[in-house]
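Working notes for the structure below.
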Amino acid sequence: MKYYVTTDVHGFFSEMKAALEEKGFFEDTEPHKLLICGDILDRGQEAVQMQEFILDLLSKDQVILIRGNHEDLTMDLLHKWSRQSYAQRHHLHNGTVNTVCQLTGFSERDVFITPDAVGRAFLGCPFVRSIIPFAKDYYETEHYIFVHGWIPSTPVVLENGVVGHLYKPEWRKATQQQWEEARWQNGMALAREGVIEDGKTIVCGHWNSSYGHCHYHKEGSEFDSDANFGPYYDEGIIALDACTAYSRKVNCIVIED
């Protein structure tokens with residue numbers, strides 16, 4: 001199977017579409033699927049277009065979705081809606097509330113004035129009813145593992161007091177809480193600590209790829225004009241998050257496996 005792999009598109013549908021067009025996704029006549037390693041929405045202003053596109057691919061069995069920390073944020077927002085979670089700073093800052101407004105047609109003012117009506121409308125959105133439930137914690141092929149942040153690992157406190165991580169052999173059987181924690185991890189850092197899967201490459205998102213280029217490959221800075229937001233390749237890892245909200249770029253690689 002041929003996979004067009006991207007991640008952290010964050011509601012920037014135009015940028016994602018351009019990346020897919022560049023790689024030939026729409027002209028490909030052979031069996032192929034789009035694989036998104038999490039964080040489909042939040043931050044960008046094209047949530048409706050993104051939702052419609054994903055629904056169309058779902059109807060054609062042409063998409064694989066990995067759950068990201070922003071999908072977790074969405075569900076956290078909904079589960080705590082009656083406790084006014086929409087007023088919490090992190091849901092405003094991370095764009096979760098803005099996504100609610102885009103998908104329901106309500107304004108942010110409406111969220112605070114008529115929260116019950118907004119909450120009901122959001123609960124009925126395909127993003128909540130169909131897209132998030134379809135997303136997996138990970139997807140695995142013969143040579144690759146696709147995740148959002150990283151695979152679950154075992155935290156350890158090192159002699160200098162710094163928290164490190166060890167490979168967790170039974171990571172595939174991790175609890176939901178362990179997966180939620182793993183979705184916030186910097187895969188490039190954990191790969192350097194040796195948390196990799198022997199014989200496979202882990203493809204991840206969540207953390208800007210310029211981090212690895214800057215700190216490990218000594219190529220440019222993280223966010224200045226010389227930053228490299230292209231795919232980061234190293235032993236056991238491919239990191240794809242282009243920090244789209246900042247760079248206005250979406251990375252896409254093509255994998256056959």
According to salt bridge (charged side-chain N to carboxylate O under 4.0 Å, His left out), who are the partners of [X], at least two apart in sequence or on a separate chain?
X: Glu170; result: Lys168
X: Asp28; result: Lys2
X: Asp61; result: Lys33
X: Asp56; result: Lys60

All side-chain hydrogen bond (donor to acceptor under 3.5 Å, both in side chains) counterparts of [X], not counting sequence neighbours:
X: Asn94; value: Arg43
X: Lys249; value: none
X: Ser210; value: Asn208
X: His217; value: Asp234

Between CD1 on residue Ile36 and CD1 on residue Ile54, distance to nearest 0.5 Å: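 Atom-to-atom, Ile36:CD1 and Ile54:CD1 are 3.5 Å apart.
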
Roughly how far, to the nearest 0.5 Å, is the CE atom of Met188 from the OG atom of Ser209?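 That separation rounds to 6.5 Å.
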
Using a 4.5 Å cut-off between side-chain heavy atoms of Ile, Leu, Val, Met, Phe, Trp and Tyr, which other residues end up in the same hydrophobic cluster as Tyr246? Phe223, Phe229

If we count only N and O atoms by modelled type, under 3.5 Å, do the side chains of [X] and [Y] hold a donor and an acceptor together?
X: Glu193; Y: Tyr167; result: no
X: Tyr216; Y: Tyr232; result: no
X: Glu181; Y: Gln185; result: no
X: Asp241; Y: Thr7; result: no

Measure from the ring center of Phe122 to the ring center of Trp81 and say whether it is less than 6.0 Å. no

Would a distance-only check, ignoring hydrogens and angles, find a side-chain to backbone donor-acceptor pair under 3.5 Å from [X] to [Y]?
X: His32; Y: Phe25; value: yes
X: Asn251; Y: Leu240; value: yes
X: Trp150; Y: Val195; value: yes
X: Gln102; Y: Gly44; value: yes
X: His70; Y: Gly68; value: no

Tell me whether the rings of Phe146 and Tyr3 are parallel (<30°), tilted (30 to 60°) or perpendicular (>60°).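 Rings of Phe146 and Tyr3: tilted, as their planes differ by 30° to 60°.
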
Looking only at heavy atoms, what is the nearest atom pair of [X] and [Y], with distance?
X: Ala242; Y: Ser247; value: O-OG, 2.6 Å
X: Tyr4; Y: Gly24; value: OH-O, 3.6 Å
X: Ile151; Y: Val147; value: CG2-CG1, 4.0 Å

Sort and list the pairs that fulfil salt bridge (Lys or Arg N to Asp or Glu O under 4.0 Å) and have at least one residue in residues 134-155, not counting sequence neighbours.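 Passing the test, one end in residues 134-155: Asp137-Arg183, Glu140-Arg172, Glu140-Lys200.
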
What residues, two or more places apart in sequence or in another chain, satisfy side chain to side chain contact (heavy atoms under 4.5 Å, CB included) together with Glu46?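 For Glu46, the residues satisfying side chain to side chain contact (heavy atoms under 4.5 Å, CB included) (neighbours in sequence not counted) are Phe13, Ser14, Glu15, Gln49.
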
Listed partners of Ser107 passing side chain to side chain contact (heavy atoms under 4.5 Å, CB included), at least two apart: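 Counting only residues at least two positions away or on another chain, Ser107 forms a side chain to side chain contact (heavy atoms under 4.5 Å, CB included) with Arg109, Asp110.
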
Other residues, nucleotides and ligands only: do more than 12 of their heavy atoms fall within 6.0 Å of CD on Glu27?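 Enclosed.
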
Less than 4.5 Å apart, any side-chain heavy atom of [X] and any of [Y]?
X: Ser153; Y: Leu190; value: yes
X: Thr244; Y: Val9; value: no
X: Phe26; Y: Glu21; value: yes

Examine Leu103 and Leu123 and state if one hydrophobic cluster contains both, with Ile, Leu, Val, Met, Phe, Trp and Tyr joined whenever side-chain heavy atoms are less than 4.5 Å apart. yes

